Amino acid sequence: DAGVIQSPRHEVTEMGQEVTLRCKPISGHNSLFWYRQTMMRGLELLIYFNNNVPIDDSGMPEDRFSAKMPNASFSTLKIQPSEPRDSAVYFCASTLNSSYEQYFGPGTRLTVT
Amino acid sequence: SQKIEQNSEALNIQEGKTATLTCNYTNYSPAYLQWYRQDPGRGPVFLLLIRENEKEKRKERLKVTFDTTLKQSLFHITASQPADSATYLCALYTGGFKTIFGAGTRLFVKA
């Protein structure tokens, strides 16, 4: 298996622009997580999907953030409009059961100038 | 408030020695505790999972203990190697869907 796939790996954008991050989970996994990692705050859970349904988005910082999972093999995290404080590494992770070990993608390093 | 604490200072040890990393938590009653390894520029990689009714778990050179009374987990790497240098994260699963990650401890193993 190719593992969790994320794209792009790096994104540099200007403040105010829309950013879309993409994730393809491991085939057969029914849970998907989006995390944000910064030096100051560590790894923070943004949103969790189970069987393509968003279960809890209480970690999403603001209305500027939205996430979708239209099918079992694809999810997006969108930031509109982006701000410099959104600069971080965004990880997608999937698992077969929400309680088991998570498999992380390589991350997307986002820089908003 | 709920908190997970890992030593924020880097741990420097000599090759061949045993590295011991600590994870303390407050106000959680985790059903499972996990340890992950993260290398620079990469996502965390799962290493070990230990359940609340297990005291100890081993995998090759790795050993994890879980003391729910002390609210502490210890992560040991025996016969450490320079390739073990990385950041190690502990993570608590408390039920429902959330896994809460600690900030991690950086380990440097010198040859």
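From a predicted model like this one, the values you see are computed outputs, not experimental measurements. In what follows, chains carry the letters A, B, and so on, assigned in the order in which the sequence lines appear, proteins first and then strands, with residues in each chain numbered from 1.
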Item to check | Residue pair Lys3(B) / Asn27(B), side-chain heavy-atom distance below 4.5 Å | outcome: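 Contact flag for Lys3(B)/Asn27(B) side chains = no.
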
Item to check | Residue among Ile47(A), Leu46(A), Leu45(A) satisfying side chain to side chain contact (heavy atoms under 4.5 Å, CB included) with Tyr35(A) | outcome: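 Going through the options one by one, the only one that passes is Leu45(A).
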
At a heavy-atom separation under 4.5 Å, does [X] approach chain B through its side chain, its backbone, both, or neither?
{"X": "Tyr103(A)", "result": "neither"}
{"X": "Arg41(A)", "result": "neither"}
{"X": "Glu44(A)", "result": "neither"}
{"X": "Thr108(A)", "result": "neither"}

Next on the checklist: Tell me whether the rings of Phe75(B) and Trp35(B) are parallel (<30°), tilted (30 to 60°) or perpendicular (>60°).
Outcome noted: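 Ring orientation, 0 to 90° scale: parallel.
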
Checklist entry - After noting the C-alpha distance and the side-chain angles of Glu11(A) and Tyr90(A), does the key distance pass the side-chain hydrogen bond (donor to acceptor under 3.5 Å, both in side chains) rule? => result CA-CA 11 Å; Glu11(A) 177 80 36; Tyr90(A) 291 80; over 6 Å; no

